[in-house]
Number of protein chains: 2
Amino acid sequence: MLSKKTQYAFHALVHLAENMDKGPILISEIAQEKNISIKFLENILLELKNAGILGSKKGKGGGYYLLRPPKEIALAKIIRLLDGPIALLPCVSLNYYERCENCRDEAVCGLNEVMSKVRDSALKILENKTLKDILTRNS
Amino acid sequence: MLSKKTQYAFHALVHLAENMDKGPILISEIAQEKNISIKFLENILLELKNAGILGSKKGKGGGYYLLRPPKEIALAKIIRLLDGPIALLPCVSLNYYERCENCRDEAVCGLNEVMSKVRDSALKILENKTLKDILTRNS
DNA sequence: TTATTAGTCTATCTTTTTTATAGGATTTAT
DNA sequence: ATAAATCCTATAAAAAAGATAGACTAATAA
């Protein structure tokens, strides 16, 4: 399951996308709108900023905003950033690969094969669906 | 990612499947063979037994054994038993459904829609692939 | 230039989950 | 009887997730 962190990130990004025309949006506004602890959300938005997904402005009139159009922000990117691997096993992760301990030979490991397929089928969706696809109203 | 518990369960089940002809197999044998803490494995095998996947026999000559042929044990069943939901969000889980808190209307929720697709694509594989598919040698 | 506003950064705390261990109870074969 | 094995429950230890705190920096406006 996705962590709260990732779920909150999606909600926040949706709010930012739906209010792109209004300039920088306050953390506090998003927190209130989406029922998220403001301090927790602060950390999440910072991470998104440091990853180059959001921009920010300090001081009065400041806040957060999307750096790219929603249709260019793939869901997979957000999940990987905040939750880590999408794959079900470390040995089939593309971005967070780790060797299996209890596995003699990955090339012949049946689990490895099946889980690679699961990963691919998930990525096919998550790499192609974007923020735009999860908005309620169109923008 | 799948928990160690589930990963160990797969390894143990594979060992049991590959040694079906040898009668009940000792926990200690599996633990040694697969490098799993024996006490931890004990709990896992017990859960598998209580779920009707394994049978057991106590006392001398005892141990664990599969109750059904490997091809009848779907990977999804093992994952759900030991790890819980396969879905990425509670609101799209078939077996562990929970309503989203921060969600106004599931029917129009874009995330819900995408994550349902991810779930379906994963289940299509995990419900159909079985223990037989992850064995190294044929049996 | 000062006060205010709002994000930045890092540390810490709390809670939950995961992983692992302990040890007595029970069953079975010999 | 006794030895061998699983059964069962409790608990401990470690890691991860979730949440909070507070001092710091930058931007704006008066």
Side-chain angles (χ1 to χ4, degrees), chain A residues 1-9 11-12 16 22-32 34-67 79 81-85 88-90 96 98 101-102, chain B residues 1-9 11-12 16 22-32 34-67 79 81-85 88-90 96 98 101-102:
Chain A
M1 301 263 280
L2 298 179
S3 66
K4 291 273 181 198
K5 217 167 162 184
T6 301
Q7 294 181 45
Y8 291 160
H11 286 120
L16 289 174
K22 299 189 189 132
I25 306 290
L26 295 180
I27 299 177
S28 55
E29 177 186 321
I30 305 174
Q32 187 164 32
K34 302 291 185 179
N35 274 295
I36 307 173
S37 146
I38 185 171
K39 272 299 193 177
F40 195 26
L41 181 58
E42 210 178 282
N43 295 328
I44 296 169
L45 295 178
L46 231 203
E47 276 197 78
L48 290 168
K49 188 208 155 177
N50 291 334
I53 292 159
L54 296 182
S56 68
K57 202 184 159 194
K58 287 184 179 178
K60 182 150 197 177
Y64 279 99
Y65 49 89
L66 293 178
L67 284 178
I79 295 177
L81 178 64
L82 298 168
D83 249 33
L88 291 179
L89 293 178
Y96 299 84
E98 273 176 59
E101 301 152 27
N102 307 333
Chain B
M1 302 266 278
L2 298 178
S3 66
K4 290 276 181 194
K5 215 167 162 183
T6 301
Q7 294 181 45
Y8 291 160
H11 285 120
L16 289 174
K22 300 191 187 134
I25 307 289
L26 294 182
I27 299 177
S28 56
E29 177 186 322
I30 305 174
Q32 187 164 29
K34 302 291 185 178
N35 273 297
I36 307 172
S37 143
I38 185 169
K39 271 301 193 176
F40 196 27
L41 182 59
E42 205 179 289
N43 294 328
I44 296 168
L45 295 178
L46 194 53
E47 274 197 78
L48 289 168
K49 188 210 156 174
N50 291 334
I53 291 159
L54 296 181
S56 68
K57 201 185 160 194
K58 286 185 179 177
K60 181 151 197 176
Y64 279 98
Y65 49 89
L66 294 177
L67 284 178
I79 296 176
L81 179 64
L82 298 169
D83 250 34
L88 291 179
L89 293 178
Y96 297 86
E98 273 177 60
E101 301 152 25
N102 306 334

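Below, read A as the first sequence line, B as the second, and so on, with proteins coming before strands; counting in each chain starts at 1. FYI, side chains are in, hydrogens and waters are out, and symmetry mates aren't considered; it's all heavy atoms of this structure.
The residue among A/N50 and A/G62 whose nearest nucleotide of DNA chain C is located toward the 5' end is A/G62. DNA chain D is contacted by both A/K58 and B/S28; B/S28 maps to the nucleotide lying nearer its 5′ end (nearest heavy atom per residue).
In this structure B/F40 satisfies the ring-ring contact (aromatic ring centres under 6.0 Å, His included) test together with B/Y8, sequence neighbours excluded. Residues forming a side-chain contact (heavy atoms from CB on, under 4.5 Å) with A/Q32 (at least two apart in sequence, or on another chain): none.
One interatomic measurement links the two molecules: CD of B/E42 to C1' of D/dA10, which rounds to 13 Å at whole-angstrom precision. Rounding to whole angstrom units, CD1 of residue B/I27 and P of D/dC8 are separated by 12 Å. We find that CD1 of B/I25 is positioned 14 Å from C1' of D/dA5, with the value rounded to whole Å. Look at NZ on A/K60: it is 8 Å from C1' on C/dT4, rounded to the nearest Å. Going from atom CE of B/M1 over to atom C1' of C/dT19 covers 15 Å, rounded to whole Å. We find that CD of B/E29 is positioned 15 Å from C1' of D/dT6, with the value rounded to whole Å. Per the geometry, CG belonging to B/L46 stands 17 Å off P belonging to C/dT21, to the nearest Å. The distance from atom CG of B/L16 to atom P of D/dT6 is 11 Å, rounded to the nearest whole Å.
Nearest nucleotide to the side chain of B/K57, out of D/dA27, C/dT28, D/dC8: C/dT28.
A/Q7 and A/L2 make their closest contact through NE2-O, 3.0 Å (heavy atoms, listed as atom of the first residue, atom of the second, distance). Closest approach of A/A12 to A/L41, counting heavy atoms only: CB-CD1, 4.0 Å.
Nucleic acid contact for A/L45: none, since no nucleic acid atom lies under 4.0 Å from a heavy atom of the residue.
The closest side-chain heavy-atom distance from B/I53 to B/L81 is below 4.5 Å. Side-chain contact between B/L54 and B/L66 is present, with at least one heavy-atom pair separated by less than 4.5 Å. Looking at heavy atoms from C-beta onward, A/L45 lies in side-chain contact with A/I30 at the 4.5 angstrom threshold.
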Output a table of nitrogen or oxygen pairs between the protein and nucleotides 12-19 of chain D separated by less than 3.5 Å.
unit_1, atom_1, unit_2, atom_2, d
D/dG18, OP1, A/K4, N, 3.3
D/dG18, OP2, A/K4, N, 3.2
D/dA19, OP2, A/Y8, OH, 3.3

